[in-house]
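Below: one structure, written as structure tokens.
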Amino acid sequence: MAKITVKNTNVTVIKINNTDYISLTDIAKFKTHETFIVICNWLRNRNTIEYLGIWKSLYNGDFKPIEFDRFRKEAGLNAFTLSPQKWITSTNAIGIISKSGRYGGTFAHKDIAFKFASWISVEFELYIIKEFQRLKEEEQKQIGWSAKRELSKINYHIHTDAIKQNLIPVKLTSKQTSVIYASEADILNVALFGMTAKEWREQNPEQKGNIRDYATINELICLSNMENLNAVFINEGLNQKERLIKLNQIGIQQMKILQEIEERQYLKSEEISGPGSDSDNTNY
């Protein structure tokens, strides 16, 4: 579950079967506290029913067309009423769902939610689409960070195997072995972050995890490369001091390159958007 804020209105986004559903109840709060009545009024609208019918024909193979036709014929009559639950059960709908409980309400597939937002307010529709896109971009960045973190873990195993094969005598105890592993891990920490794991914990006692859990994507990319290179240096017989100096130089060089790439991408996006674009003037 995620939250986006649109025009001072908090809107909930949930995933069902890996598909985004947005709270119609929260969208309705932009106009009124009687959210259920507003949603029902929107549902009984002929244009809404026709839109939902087309959407269902495209995405829902189990949709019940006979019930839909009955609703479409009755739409516009004074006595016609339609609630989300009635629509769901009658047509076997999947684009709209009702949830009970603390975080309950009426949710809809993003296509339908944007249509409802447009009915509430065209301005609100534009803002919610833009904020939803921002949420998706943030999710993609997080996926990228997680992928880099996993890559770093894989390379860590390559790194520790090189340590085991070249630096750890067979007769060492497990306690002595762990000291060597920690020492080698700190070579990378010092080369890239400028401090050992212990120094970071002492400086950040309120933080959970370790120094690498708070690394940027660029730092994780660099760390992944450095772990591979350190394994190579170990196999080549370089001592710890020599490896630390080389890894530090490589870390500085690679971080500069990654930063330059990031800056060029930022400048390119600025040229595309321009100084008078929505990105400069939009307030959420």
Side-chain angles (χ1 to χ4, degrees), residues 1-5 134-169 172-267 269-270 284:
M1 183 178 72
K3 289 275 189 181
I4 56 177
T5 302
R134 184 199 62 77
L135 173 66
K136 295 293 102 181
E137 290 170 1
E138 290 297 321
E139 287 181 355
Q140 289 302 314
K141 288 180 182 178
Q142 183 61 36
I143 291 172
W145 188 94
S146 298
K148 296 298 188 301
R149 187 74 172 99
E150 290 304 313
L151 177 61
S152 177
K153 289 179 180 178
I154 293 170
N155 285 331
Y156 176 75
H157 290 297
I158 297 174
H159 181 221
T160 54
D161 283 345
I163 296 169
K164 183 177 181 180
Q165 293 173 15
N166 295 276
L167 299 180
I168 301 175
L172 280 180
T173 65
S174 59
K175 183 176 181 181
Q176 290 171 317
T177 301
S178 66
V179 170
I180 295 176
Y181 279 129
S183 174
E184 283 302 315
D186 268 337
I187 284 183
L188 299 175
N189 290 336
V190 173
L192 183 60
F193 303 113
M195 66 181 74
T196 65
K198 181 180 179 182
E199 288 171 339
W200 182 86
R201 287 193 297 271
E202 290 173 348
Q203 293 181 23
N204 302 274
E206 74 287 350
Q207 301 287 6
K208 296 180 179 179
N210 59 62
I211 188 171
R212 301 185 186 195
D213 291 323
Y214 297 89
T216 65
I217 290 179
N218 285 351
E219 287 171 335
L220 289 173
I221 294 171
C222 188
L223 182 64
S224 174
N225 294 334
M226 290 169 64
E227 284 177 332
N228 282 327
L229 289 170
N230 194 35
V232 173
F233 296 157
I234 291 171
N235 290 326
E236 290 177 350
L238 273 66
N239 63 45
Q240 198 173 74
K241 181 179 179 180
E242 291 173 322
R243 286 186 280 112
L244 176 58
I245 293 172
K246 290 176 71 71
L247 289 169
N248 180 243
Q249 292 171 343
I250 291 168
I252 292 171
Q253 180 186 26
Q254 291 194 359
M255 285 300 293
K256 283 183 178 179
I257 293 172
L258 291 169
Q259 185 62 35
E260 288 172 0
I261 293 172
E262 201 169 77
E263 288 175 356
R264 285 199 298 270
Q265 290 175 339
Y266 174 77
L267 290 173
S269 65
E270 283 291 296
Y284 293 108

Separation of Leu188 CG from Ile211 CD1 (nearest 0.5 Å):
11.0 Å

Can you tell me if Lys198 has over 12 outside heavy atoms packed within less than 6.0 Å of its NZ?
no

When rounded to the nearest 0.5 Å, the distance separating NZ of Lys3 from CG of Leu135 is 12.5 Å

Would you call Asp213 and Lys208 a side-chain contact if the rule is heavy atoms closer than 4.5 Å?
no

Residues which pass side chain to side chain contact (heavy atoms under 4.5 Å, CB included) with Ile252, listed by chain and number, not counting sequence neighbours
Asn248, Lys256

Between OG1 on residue Thr196 and CD on residue Glu202, distance to nearest 0.5 Å
7.0 Å

Would you say Val190 and Leu244 make side-chain contact, with heavy atoms under 4.5 Å?
yes

No-hydrogen, no-angle side-chain donor-acceptor test under 3.5 Å, Asp186 and Asn189
yes

Correct closest heavy-atom pair for Trp200 and Gly209 would be CZ3-O, 3.9 Å

Ile217 vs Leu220 side-chain heavy atoms within contact, under 4.5 Å:
no

For the student: nearest non-hydrogen atoms of Met226 and Gly251, plus distance:
SD-CA, 4.0 Å

Taking side chain as C-beta onward, heavy atoms only, is Phe233 less than 4.5 Å from Glu242?
no

Rounded to the nearest 0.5 Å, what separates atom SG in Cys222 from atom CD in Gln254?
4.5 Å

Do the side chain of Arg243 and the main chain of Asn230 share a donor and acceptor less than 3.5 angstrom apart?
no

Scanning both residues in full, the closest heavy-atom pair of Lys241 with Asn239 reads N-OD1, 3.1 Å

Can you check whether Gln249 reaches Ile245 side chain to side chain, under 4.5 Å on heavy atoms?
yes

Nearest-0.5 Å distance that lies between atom CZ in Arg212 and atom CG in Leu223
4.5 Å

Below 4.5 Å, heavy atoms only, C-beta onward: do Asn225 and Glu227 meet side chain to side chain?
no

